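Below: the structure, in structure tokens.
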Amino acid sequence: MNYRMMGKFIYRILVLEGLFMIPALLISVYYQDTKAVHGFLNSLFVIGLIIFLLFILCKDAPSGFYAKEGLTCVGICWIVMGLLGCLPFYFSHEIPDFIDAFFEIVSGFTTTGSSIVPEVEKLSMGILYWRSFSHWVGGMGVLVFLLAIASVDKRSSGYTMHLLRAESPGPDVGKLVPKMKQTAVILYKIYIALTLLDIFFLVIGKMPLFDAVCTAFGTAGTGGFGIKNDSIAGYSPYLQNVCTIFMLLFGVNFSCYYLLLLRQFKNVWKDEELRLYIGIVLGSIGLIIWNLRGYYETFEETVRHAAFQVATVVTTTGFATTDFDLWPSFSKGILLCLMLMGACAGSTGGGFKVGRLLFMLKNLRRNILRILHPRKVQALKNNNRLVQEKVVDNVNAYLAAYVMIVIVSFIIVSLDGFSITTNLSAVIACFNNIGPGFEQVGPTCNFASYGILSKLVLILDMLAGRLEIFPILILFSRDTWKR
């Protein structure tokens with residue numbers, strides 16, 4: 001294990017985290033929020049001290065960085081980011097409990113949106129900005145951002161792919177172009193362009209600029225931290241519809257946008273995952289509209305709320321325009337299924353991913369055909385390309401780990417004595433990076449009632465869900481730390 005190379009990456013990530021805090025500090029200075037200013041200054045001091053120590057210890061790190069180091073480095077980086085990223089909340093006393101502050105910022109970085117804050121409007125402007133910005137930087141991935149801006153030499157060329165695969169969501173991660181750095185740059189250019197476009201449409205809908213920026217951060221990262229107690233419910237129907245459209249756009253595999261830039265429109269439409277994603281979204285909206293007929297005063301309101309809640313759940317964003325916990329059981333059942341599924345691979349959305357669901361359905365069909373035609377070779381294809389068996393094995397392993405973690409987490413959080421629906425939806429909401437669940441963790445409630453042990457379990461669930469399980473899981477393996 002190349003510990004010094006890992007330390008080198010950690011202090012580079014902390015440099016970025018410190019730089020990301022500066023706009024929030026300036027906002028706090030502008031609004032004269034003294035406690036928030038002190039919170040950010042103290043946090044920057046602690047981060048700077050750790051950066052200095054790691055730089056001294058790791059500046060002569062030897063080369064040699066492989067898959068094990070890549071997975072381990074990503075897992076540790078995200079934990080360290082959370083431990084230090086929560087310091088402004090804690091030092092400013094706006095979230096006085098450290099575990100609560102840690103829960104909140106991990107929920108931000110992992111784009112979960114589950115919160116322990118009962119009244120977000122009481123938070124200062126700088127803290128609100130930092131809370132929302134954590135979604136944006138966590139959506140595409142902070143290590144991908146580092147790869148996009150850092151210089152890459154020949155010694156680095158071997159490990160950049162390991163970092164991308166460890167942090168990027170999906171069953172099979174690859175490059176858009178031959179060079180890894182160029183892939184990271186392309187991803188972030190698309191990400192920034194869509195975010196700016198979202199802000200533009202929100203502003204022309206007369207949303208205040210600060211609200212538009214924070215809302216766009218939550219939409220782009222599919223995170224869902226709102227800056228209002230009622231989330232998006234208090235904004236106009238136009239603004240709600242804008243959020244619906246952009247949530248669905250950010251739930252699409254970003255490689256599709258790259259193909260659009262290359263004018264390969266036919267290849268985009270032929271993408272099987274995209275077509276399944278669109279079909280599930282439209283089908284879910286239609287079924288919920290049918291189930292909610294007469295629930296709202298007008299048909300337009302029914303369509304708007306149904307489309308918004310389907311979009312926010314399937315993309316694991318977590319915004320809300322209505323209390324869907326009061327909907328009929330059929331509609332809530334559809335939302336629960338969407339919580340489990342999630343968005344497309346290669347998007348900023350969480351969940352199991354539509355791509356994995358597609359692979360599982362195709363593999364199920366192949367196994368049935370093998371039973372019927374045992375002598376016939378049954379190849380598994382995706383978008384007319386042969387799928388390697390190791391990808392199928394990875395999907396099966398992911399599913400096994402997924403089920404195991406949900407069961408164990410559910411049993412542990414059940415110690416707090418809440419209902420089965422509350423506990424199960426809390427685990428699913430955190431593990432799939434969704435945000436709200438049902439009943440006592442529903443869209444009008446929060447996670448503050450859980451005890452310390454449950455919050456720590458849910459924090460690990462959020463990290464495991466965002467990092468596709470294995471970068472967190474291998475941290476608990478003894479073999480990981482052997483020489």
Side-chain angles (χ1 to χ4, degrees), residues 39 75-76 78-120 122-123 127 131 134-135 138 223-226 229 231 316 318 320 323 325 336 339-340 350 401-467 469 472-473 475-476:
I76 292 176
W78 278 71
I79 293 173
V80 172
M81 279 172 52
L83 289 171
L84 297 178
C86 74
L87 293 180
F89 299 151
Y90 181 68
F91 285 147
S92 66
H93 301 293
E94 298 202 31
I95 303 180
D97 184 85
F98 183 80
I99 297 298
D100 284 351
F102 187 38
F103 182 98
E104 195 76 9
I105 198 64
V106 169
S107 181
F109 282 135
T110 58
T111 73
T112 303
S114 300
S115 180
I116 51 81
V117 180
E119 295 184 68
V120 296
K122 290 185 177 180
L123 298 177
I127 292 294
R131 184 171 172 265
S134 63
H135 280 332
F225 274 155
N229 291 331
S231 188
T316 70
D323 187 0
D325 198 29
L336 181 62
M339 285 181 182
L340 293 169
Y402 183 101
V403 173
M404 179 190 70
I405 292 173
V406 168
I407 291 173
V408 172
S409 300
F410 169 70
I411 292 172
I412 295 175
V413 300
S414 295
L415 292 171
D416 282 339
F418 297 118
S419 69
I420 291 177
T421 302
T422 297
N423 293 328
L424 182 59
S425 65
V427 171
I428 292 173
C430 288
F431 189 47
N432 290 290
N433 308 131
I434 293 162
F438 294 110
E439 293 187 357
Q440 290 177 263
V441 291
T444 61
C445 306
N446 58 63
F447 289 71
S449 301
Y450 278 107
I452 293 177
L453 177 61
S454 294
K455 287 175 182 175
L456 291 174
V457 169
L458 295 174
I459 286 170
L460 286 174
D461 286 344
M462 287 188 281
L463 288 167
R466 170 60 184 85
L467 298 178
I469 297 178
I472 295 298
L473 210 57
L475 297 180
F476 298 94

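Just so we're clear, the structure is a prediction, and the values are computed from it rather than from any experiment.
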Q: Starting at CG of Asp461, measure out to SG of Cys430 and round the result to the nearest 0.5 Å.
A: 6.5 Å
Q. If every non-hydrogen atom of Ser231 is compared with every non-hydrogen atom of Ala320, which pair is closest and at what distance?
A. OG-N, 3.1 Å
(Q) Could you measure the distance from the CG atom of Leu456 to the CD1 atom of Ile99? Nearest 0.5 Å is fine. (A) 5.0 Å
Q | Set of side chain to side chain contact (heavy atoms under 4.5 Å, CB included) partners for Ala464, sequence neighbours left out | A | Phe431, Ile472
Q. Nearest heavy-atom pair of Val413 and Ser454: which atoms, and what distance?
A. CA-OG, 3.4 Å
Q.
Holding to ring-ring contact (aromatic ring centres under 6.0 Å, His included), I want the full list of residues that pass it with Phe91, two or more places apart in sequence or in another chain.
A. none
Q: Sorted by first residue and then second, give each side chain to side chain donor-acceptor pair (under 3.5 Å) pair with at least one member in residues 423-435; sequence neighbours left out.
A: Thr112-Asn433, Tyr402-Asn432, Asn423-Tyr450
Q. From Ile420 CD1 over to Ser414 OG, what is the distance, rounded to the nearest 0.5 angstrom?
A. 7.5 Å
Q: Using side chain to side chain contact (heavy atoms under 4.5 Å, CB included) as the criterion, list what pairs up with Ser92, not counting sequence neighbours.
A: Glu94, Ile127
**Q.** Smallest separation among heavy atoms of Tyr90 and Pro96, with atom names
**A.** CE1-O, 3.1 Å
Q.
Within the structure provided, determine whether Trp78 and Val106 are in side-chain contact (heavy-atom separation under 4.5 Å).
A. no
**Q.** Which atom of Leu83 lies closest to which atom of Phe98, heavy atoms considered
**A.** O-CZ, 4.0 Å
Q | Of Leu467, Ile459, Leu463, the residue whose pairing with Thr110 passes side-chain contact (heavy atoms from CB on, under 4.5 Å) | A | Leu463
**Q.** Exercise: identify the closest heavy-atom pair between Ile105 and Cys86
**A.** CG2-CB, 3.5 Å
Q. Are the side chains of Val408 and Ile412 in touch, meaning some heavy atoms are under 4.5 Å apart?
A. yes
**Q.** ring-ring contact (aromatic ring centres under 6.0 Å, His included) involving Phe102 - partner list, sequence neighbours excluded
**A.** none
Q. Should Ile428 and Leu336 count as side-chain neighbours, where that means a heavy-atom distance under 4.5 Å?
A. yes
**Q.** Atom of Ser114, atom of Phe103 and distance for their closest heavy-atom approach
**A.** O-CE2, 3.6 Å
Q: With side-chain contact (heavy atoms from CB on, under 4.5 Å) as the test, would you mind laying out the steps for Asp97 and Ile116 before giving the verdict?
A: CA-CA 11 Å; Asp97 184 85; Ile116 51 81; over 6 Å; no
Q) Looking at CD1 of Ile79 and CZ of Phe109, how far apart are the two atoms once the value is rounded to the nearest 0.5 Å? A) 13.5 Å
Q.
Just to verify, what does Ile411 make a side chain to side chain contact (heavy atoms under 4.5 Å, CB included) with, not counting sequence neighbours?
A. Ile407
Q | Qualifying salt bridge (charged side-chain N to carboxylate O under 4.0 Å, His left out) pairs, either residue in residues 411-434, two or more places apart | A | none
Which donor-acceptor pairs under 3.5 Å do side chains of residues 437-449 form with protein atoms, sequence neighbours excluded?
residue : atom : partner : partner atom : Å
Glu439  : OE1  : Ser419  : OG           : 2.4
Glu439  : OE1  : Thr422  : OG1          : 3.2
Asn446  : OD1  : Ala448  : N            : 2.9

Q: Scan residues 100-109 for pairs that pass side chain to side chain donor-acceptor pair (under 3.5 Å), counting only residues two or more places apart or in two chains.
A: Asp100-Lys455, Glu104-Ser115, Glu104-Arg131
Q.
Among residues at least two apart in sequence or on other chains, which ones pass side chain to side chain contact (heavy atoms under 4.5 Å, CB included) with Leu415?
A. Leu453
